[in-house]
Novice: 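Can you read through this structure? Questions will come right after.
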Amino acid sequence: MDTFVSELMAKMTLKEKIGQMNLLSVGADVTGPVLSEGVEEKIDNGQVGGLFNMYGPSAVRQLQQRVMEKSRLKIPMIFGYDVIHGHRTIFPIPLALSSSWDLNLIQRTAIAAASEASADGLNWVFSPMVDITRDPRWGRVMEGAGEDTYLGSQIARAMVVGYQGKEKMLGTDNVLACVKHFALYGAAEAGRDYNTVDMSRQRMYNEYLAPYKAAVDANVGSVMTSFNEVDGIPASGNKWLLTDLLRKQWGFKGFVATDYTAINEMVAHGVGDEKQVTALALNAGSEMDMVGELFSNHAEELVKSGQVPIKKIDEACRRILEAKHKLGLFADPFRYCNEERAITQILSSDKIALSKEAAVKSMVLLKNENNVLPLKASQKVAFIGPFIKDQGNQLGSWSGAGRSQDCVSLWQALETAGLAKQCTYAKGCNILDDQALIARLNRDGASLALDAKSPQEMIDQAVETVKNADIAVVVLGEPAAMSGEASSRTAIGLFDHQIALLQALKKTGKPIVLVLMNGRPLTLTWEDQNMDAILETWFGGLQAGPATVDVLFGHANPSAKLSMTFPRNVGQIPIHYNSKNTGRPFVENSKYKTQYLDASNTPLYPFGFGLSYAQFDYSNLALSSPTIKANQSLNVSATVSNTSKTDGIETVQLYIRDMVASVTRPVKELKGFQKILLKAGESKTVSFTLSPDDLRFYDSDLNFVAEPGDFQVFVGGNSRDTKEATFKLLAP
Ligand code: BGC
């Protein structure tokens, strides 16, 4: 590869090298302003390295053919797309998948997405998104793995390997992955998208950077910069971030692409004019310019005037050519344009089955008073809610190639399962009833409408339907368009008109199961007090309907656990389990302690929480030794028993707390988890190994160290309810 790339680069003009660094958007599926014009002519002139937002083997073949026929050096282009939770077979949104805590499952979704995307002409996916998120107001929490560093890092690795495979040379059913958004995008102030990020190095190194690094360690082929600033400098122009940290400290070998027009946006950030920000980006280590075309417009002049060393261009061009080589594009530019594969791979039955499995394993049971769930075969069930016959919202945001006609709605699933006979239906309310908001979302591509019936008529009909049933299943939530990019909210509860429906149904005295479809943690304090059961199904993808039916009727037992805390109210945000103790930790009935006057400090549902139709009990927490020496491991074991009459899967979680250190440490940190199947009445001993690395953290000089002293160990089924033990790390 090295010789091949060197020989090719020796033939390239400066303009052609800069051409490789130009990424343009084509096609109708655009996520921002379209700045590119005359794409074909640019392709002919060797001024385009890659294209995105277009798929299909013949469409891709046509443009690849063009570069092979018309351009001087015939360098194939790469074709990218936002394949975020599946390509045509849409899986649950990433936040949902992360709730499965099932790395094998998540990896299988990435393998399936890679197989389908590569059969559809693509060879580069803008995934995984690994931004740690602690603010559910931010609409992009749906794209990531939630709030935890450890879980997020495991998932990042699983996805990169799933997309790219384990080999250096990618197979035809692999694609190049792109970890994003580097870095810290999930910490946008106030949860407002694109907002400022400001963070200490302590927090960065100990809490936010690990998932990106895990992707780099897993050999991710590309990194995408974020829109936000890091330490006052926008990420795409931040030399510390892109060169010192990413290249020098982490040894990243792939190429760095910017986010959509992120270099141009540095002008609005206020760090220079177009030419200055281009120089900043190049000198910092940005290597492929997404859509903005500033490299095309200014890089040549910047090199000639000495403002950017030619070395920067050579390095960038080499890394992009290396990626193309690894994808096998020099051997066969049409390697990913195989119509046969498109027919056999896209929406294949194994992928659809995986989509259903993933949806089942992503659903979190938040409440189940008196075991109202699962529903019984003898019950007459009233299904109420505007999502029940809806086929589109279950795709969730970032499902560009997904199609609503491939979705199976809840009602269709009831019919197919032969259960519709025992069920009745009323819509109950609109998904949204705020006309201005509907108009705004529809302007940006949603298709929300108001029902011809008045809100009161819909409620009355729903009340009648419930009165004639034994139990109500009410499906409510957010439209898909209210999470994802540029979809932040200041209130994250169910809409008032949806609560009005629940209040009216509550008066019937019938048990109510609330089924939620949404893209972020919601505030559910009233619902928790008033509903008999709550099942969080997120946006479950193509098979959300059948998966929900399986869980509701007990054909499947829920096993997912929250990967992000559910607050009681918006005022508690940011709220996450791994907080610091402070100098004034909370003490009941004591004034000068960290607390609110009007709400407790605790969340409604903590990180790691999720119920099952089975019940699990923890006992016998034991450590292999009360003390360990530096570089020794510790074995932690506990007995987990299924005390119910139902088989179930439990996710056993291991946390630690470093009691005394040179910098303050969180009150709990996840360090391991295991999913175990326990038959009714069965007990198992689960063991974990705490390795020396698990005890390390970045100290104030950013050295990764373990410091002697006392540690606590916690094992339990969520981050709140745990058994605990202590051990001491001895001085060397
Ligand atoms: C998003 C990225 C995405 C890119 C390309 C941007 O607006 O922030 O996550 O990959 O668009 O569609």
Side-chain angles (χ1 to χ4, degrees), residues 29 55 81-97 99-100 105 109 112-113 116-117 120 142-143 345-363 383-420 423 425 427 430-432 441-442 445-449 451 473-484 487 515-519 535-553 555-556:
D29 214 342
Y55 54 87
Y81 199 66
D82 286 291
V83 174
I84 309 295
H85 49 116
H87 178 55
R88 283 287 305 281
T89 305
I90 299 298
F91 299 111
I93 57 170
L95 184 64
L97 284 173
S99 314
S100 74
L105 172 80
T109 67
E116 208 170 53
D120 214 8
M142 55 79 50
E143 287 174 55
Q345 292 305 316
I346 294 174
L347 294 172
S348 59
S349 55
D350 55 328
K351 294 188 182 71
I352 305 277
L354 179 61
S355 182
K356 179 174 168 193
E357 179 189 342
V360 165
K361 291 181 171 169
S362 299
M363 288 180 192
F383 274 85
I384 311 291
F387 290 98
I388 290 168
K389 293 192 174 175
D390 176 88
Q391 254 181 304
N393 283 289
Q394 69 196 66
L395 291 170
S397 186
W398 288 115
S399 47
R403 299 184 187 170
S404 51
Q405 63 267 31
D406 295 329
C407 292
V408 183
S409 74
L410 187 50
W411 192 257
Q412 287 169 331
L414 287 170
E415 283 177 334
T416 310
L419 292 162
C423 303
Y425 166 77
K427 188 169 169 190
N430 294 300
I431 291 177
L432 260 192
L441 296 175
N442 286 352
S447 46
L448 293 154
D451 200 275
V473 172
V474 190
V475 187
L476 296 173
E478 308 173 286
M482 285 192 77
S483 60
S487 303
V515 173
L516 294 165
M517 283 177 64
N518 49 279
L535 178 69
E536 174 58 84
T537 71
W538 311 106
F539 295 116
L542 293 192
Q543 291 284 307
T548 309
V549 167
D550 273 8
V551 170
L552 287 175
F553 285 88
H555 306 144

Novice: With heavy-atom distances below 4.5 Å as the criterion, would you say the side chains of His85 and Ser399 are in contact?
Specialist: yes
Novice: Grab the two heavy atoms, one from Gln394 and one from Ser409, that are nearest each other, plus how far apart they are.
Specialist: OE1-CA, 3.8 Å
Novice: So, applying side-chain hydrogen bond (donor to acceptor under 3.5 Å, both in side chains) with Gln345, which one of Lys351, His87, Glu116 is it?
Specialist: Lys351
Novice: Are Val551 and Thr537 side-chain neighbours, meaning at least one heavy-atom pair lies under 4.5 Å?
Specialist: no
Novice: Suppose we screen for salt bridge (Lys or Arg N to Asp or Glu O under 4.0 Å). Which residues come up paired with Asp350, at least two apart in sequence or across chains?
Specialist: none
Novice: So Phe383 and Leu552, do their side chains get closer than 4.5 Å, heavy atoms only?
Specialist: yes
Novice: Of the non-hydrogen atoms in Val83 and Gly86, which two are nearest, and what is the gap between them?
Specialist: CG1-O, 3.6 Å
Novice: Over 60° means perpendicular and under 30° means parallel, so tell me whether Tyr81 and Tyr55 are parallel, tilted or perpendicular.
Specialist: perpendicular
Novice: Using a strict cut-off of less than 4.0 Å between a Lys/Arg side-chain nitrogen and an Asp/Glu carboxylate oxygen, indicate whether Arg88 and Asp120 qualify as a salt bridge.
Specialist: no
Novice: Could you tell me whether the side chain of Trp538 and the main chain of Pro92 form a donor-acceptor pair under 3.5 Å?
Specialist: no
Novice: Please tell me if the side chains of Ile352 and Leu347 come closer than 4.5 Å, counting only heavy atoms from C-beta onward.
Specialist: yes
Novice: When you compare the side chain of Met482 with that of Leu432, does any pair of heavy atoms fall below 4.5 Å?
Specialist: yes
Novice: What's the shortest heavy-atom distance between Phe91 and Leu97, and which atoms?
Specialist: CB-CD1, 4.5 Å
Novice: Determine whether a donor-acceptor pair (N or O, by modelled atom type, separation under 3.5 Å) exists between the side chain of Asn442 and the backbone of Leu448.
Specialist: yes
Novice: Can you name the closest pair of heavy atoms from Ser483 and Ser397 and give their distance?
Specialist: O-CB, 3.4 Å
Novice: Taking all non-hydrogen atoms of both residues into account, name the closest pair between Asn518 and Phe539 and its distance.
Specialist: C-CE1, 3.3 Å
Novice: May I ask you to test the Leu395-Leu542 pair for a side-chain heavy-atom distance under 4.5 Å?
Specialist: yes
Novice: Donor-acceptor check, side chain of Glu143 to backbone of Ile84, threshold 3.5 angstrom: yes or no?
Specialist: no
Novice: Ignoring hydrogens and geometry, is there a side-chain-to-backbone donor-acceptor pair from Ser100 to Ala96 under 3.5 Å?
Specialist: no
Novice: How close do Thr548 and Met363 get, heavy atom to heavy atom, and via which atoms?
Specialist: OG1-CE, 3.3 Å
Novice: Indicate yes or no: at least one non-hydrogen side-chain atom of Cys423 is less than 4.5 angstrom from one of Trp411.
Specialist: yes
Novice: Is the shortest heavy-atom distance from the side chain of Pro386 to the side chain of Asn430 under 4.5 Å?
Specialist: no
Novice: Kindly say whether Cys407 contributes a backbone atom to a donor-acceptor pair with the side chain of Gln391 at under 3.5 angstrom?
Specialist: yes
